[in-house]
Amino acid sequence: MTLRVYNSLSREMEVFEPLNPPYVGMYVCGPTVYGDAHIGHAKSYISFDLVYRYLRFLGYKVTYVQNITDVGHLTDDADQGEDKVEKRAKLEKIHPLQLAQGFERRFFEDMDKLNLERPHIAPRASGHIPEQIALTEKLLANGHAYEVGGNVYFDVTSFPEYGKLSHRRLEEQAAGTRFEVRGEKRHPADFALWKKAEAGHILQWPSPWGLGYPGWHLECSAMSQKYLGETFDIHGGGLENIFPHHEDEVAQSEAACGKPFAKYWLHNNMVTVNGQKMGKSLGNFVTLRAAFEKFDPMVLRMVILQGHYRSPFDYSEGAIEACTVGYDRLVSTVKKVRNELRKDSEGSPASILNDGPAPEDVMEYVSQTKKSFCAAMDDDFASPAALGSLFGLAQFSNAIFGSAMTLRAGGKSRTPLSRESLVKIDETFSLLGGDVLGIVKDDYEESSNAAPRLDSKLIGMLVGMREQARKNKNFAISDQIRDELDELGVKLEDGPGGTTWRVE
RNA sequence: GGCGCCGUAGCCAAAUUGGCAAGGCAGCGGAUUGCAAAUCCGCGAUUUGUCGGUUCAAGUCCGACCGGCGCCUCCA
């Protein structure tokens, strides 16, 4: 089995071969922390969380770096020259870094809820000013940059490969684009490495060119180089950043070092809301905090993984509601397996498990599941198909469970199911659904008869009383108990082996 | 003007180098149930927006057309 990834640089699928196996360096463009994270962030970071988790599953030792942009991004034309974070800070009358770090914390809280692994290093742009100055000096020294009155620009004509990532040629750009109009630039596509600060700027640092702050793209070049080296394996980010952000990163990094920058460029596609572009100016962007009020973050994760990372994701409440049902089915299957294993390990007389080996068909199904799962993931991280194989396992698991319960109810066997079977199934759910896809949790809150708490005992008591009522064919009472418990969120389910309950 | 994507069952959404059209949701039939719920079993596209072309073979490649979208501007 071989992992193949779609490389934006070549616009082709390529076999993934790290520069220094088993080590993999991965850099993903992080958030600009001047507001709360939205669905677009979720799509992007879930995508790269998936990439990271699968590489880890394959045995690679991945270093995952994701920057925090807290300086340097300009706002739109109307606010030319003003820093995005600083502008927002002025509105709120606080220090820009207080604002930025507040949103950074909130960002990670949201990402945690989506069950993302945190990056190993999350460097802040504001903490790497010396590195950015050094890179600018290097580019000035080898003739790829020039200074005009306290501003330093990258000279795109000095880098013949400019455009190789976004597959654009400078000549073709003339019409329709909006290069910043600045008379002092030699070429309209030249971009700022260092910007001179206007008097009112709070965020400014001394540099060889006077007080100022770094340009938009420089941080990623400086920080990726610092933590992953001049050449590294994977650079990820959102599709909209290919040009100019990533193109400029390539130019300044390769011009400075004279070496290739990232080997594989991975780009996730964008989010639309009810079929329309989600944009700040359109007023239809959905923050994660708002989405979490309506939907379980884990369902949001799953609905995003049900589409491919290179396909657009359309956020619609109908799609998420439909996904909720499937998610619940998957999770309740895992819970059922684990509850049974726990009952067994606690020596409960209600256990249906025996000590025999797992039957051939179980071993076969588990191994097939792994195979199809990996085949999907090897194909440029095709999570939708991978998820499909997990649903297959859930169905299989429920089926052997069902027939075991029937055997037991018929008195054919008190322990009709092999413990080893459930152990294998649970391991597979945990590995593929948990470690790799991140939608199966290690632990779920106690919600079964096994919970030794007062309310559990009370529920057990009511269930017992209902059993009596049913035996006496007093269905009015038994249905009343079931309905009233249902209203409290306790679902009763009568099976061949008796009544079980769970909390919604 | 440049670059690119999508159009697959009622809805969402997959399909390695072209080789029998995944999966989820909803729906229908059956098993199970006192009735439910949950679960299991079975069923749904002779066909992938339209029209042509290449091929033994096309959702997949080529061309045209229709319809939708994105990027090129801070944006994930």
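Naming convention: chains lettered A, B, ... in sequence-line order (proteins, then strands); numbering from 1 in each chain.
- Note on residues 302-312 of chain A: pairs passing side-chain hydrogen bond (donor to acceptor under 3.5 Å, both in side chains), not counting sequence neighbours, are A/Tyr309-A/Asp380, A/Arg310-A/Asp380.
- For RNA chain B, the neighbouring residues in residues 384-396 of chain A, judged by any heavy atom under 4.0 Å, are A/Pro384, A/Ala385, A/Gly388, A/Phe391, A/Gln395.
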For residues 295-305 of chain A, which side-chain N or O atoms pair as donor and acceptor with protein atoms under 3.5 Å away, sequence neighbours left out?
from, atom 1, to, atom 2, distance (Å)
A/Asp296, OD1, A/Met298, N, 2.9
A/Arg301, NE, A/Leu437, O, 2.9
A/Arg301, NE, A/Gly438, O, 3.2
A/Arg301, NH1, A/Asp49, OD2, 3.1
A/Arg301, NH1, A/Leu114, O, 2.8
A/Arg301, NH1, A/Asn115, O, 3.1
A/Arg301, NH2, A/Asp49, OD2, 2.8
A/Arg301, NH2, A/Leu437, O, 2.9

So which protein nitrogen or oxygen atoms get under 3.5 Å of nucleotides 26-28 of chain B's nitrogens or oxygens?
none

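- A/Tyr45 pairs by the ring pair (Phe, Tyr, Trp, His ring centres under 6.0 Å) definition with A/Phe107, not counting sequence neighbours.
- Scored by the side chain to side chain donor-acceptor pair (under 3.5 Å) test, A/Gln204 finds no partners at all (sequence neighbours excluded).
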Listing time: all N or O pairs from protein to nucleotides 4-7 of chain B that are below 3.5 Å?
from, atom 1, to, atom 2, distance (Å)
B/G4, OP1, A/Arg11, NH1, 2.6

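- Listed by chain and residue number, A/Val334, A/Arg338, A/Tyr444 satisfy the side chain to side chain contact (heavy atoms under 4.5 Å, CB included) test with A/Val440 (two or more places apart in sequence, or in another chain).
- Listed by chain and residue number, A/Tyr162, A/His217 satisfy the side chain to side chain donor-acceptor pair (under 3.5 Å) test with A/Asp248 (two or more places apart in sequence, or in another chain).
- Stem analysis of RNA chain B (at least three stacked-register Watson-Crick or G-U pairs, each with both distances under 3.5 Å) gives B:1-7 with B:66-72, B:10-12 with B:23-25, B:27-31 with B:39-43, B:49-53 with B:61-65.
- In the region residues 295-308 of chain A, proximity to RNA chain B at under 4.0 angstrom, judged on heavy atoms, holds for A/Gln306, A/Gly307, A/His308.
- Residue pairs that meet the ring pair (Phe, Tyr, Trp, His ring centres under 6.0 Å) test with at least one member in residues 380-411 of chain A, sequence neighbours left out, are A/Tyr365-A/Phe396.
- Contact annotation for A/Tyr45: backbone-only contact, meaning every heavy-atom pair under 4.0 Å involves sugar-phosphate atoms and none involves a base.
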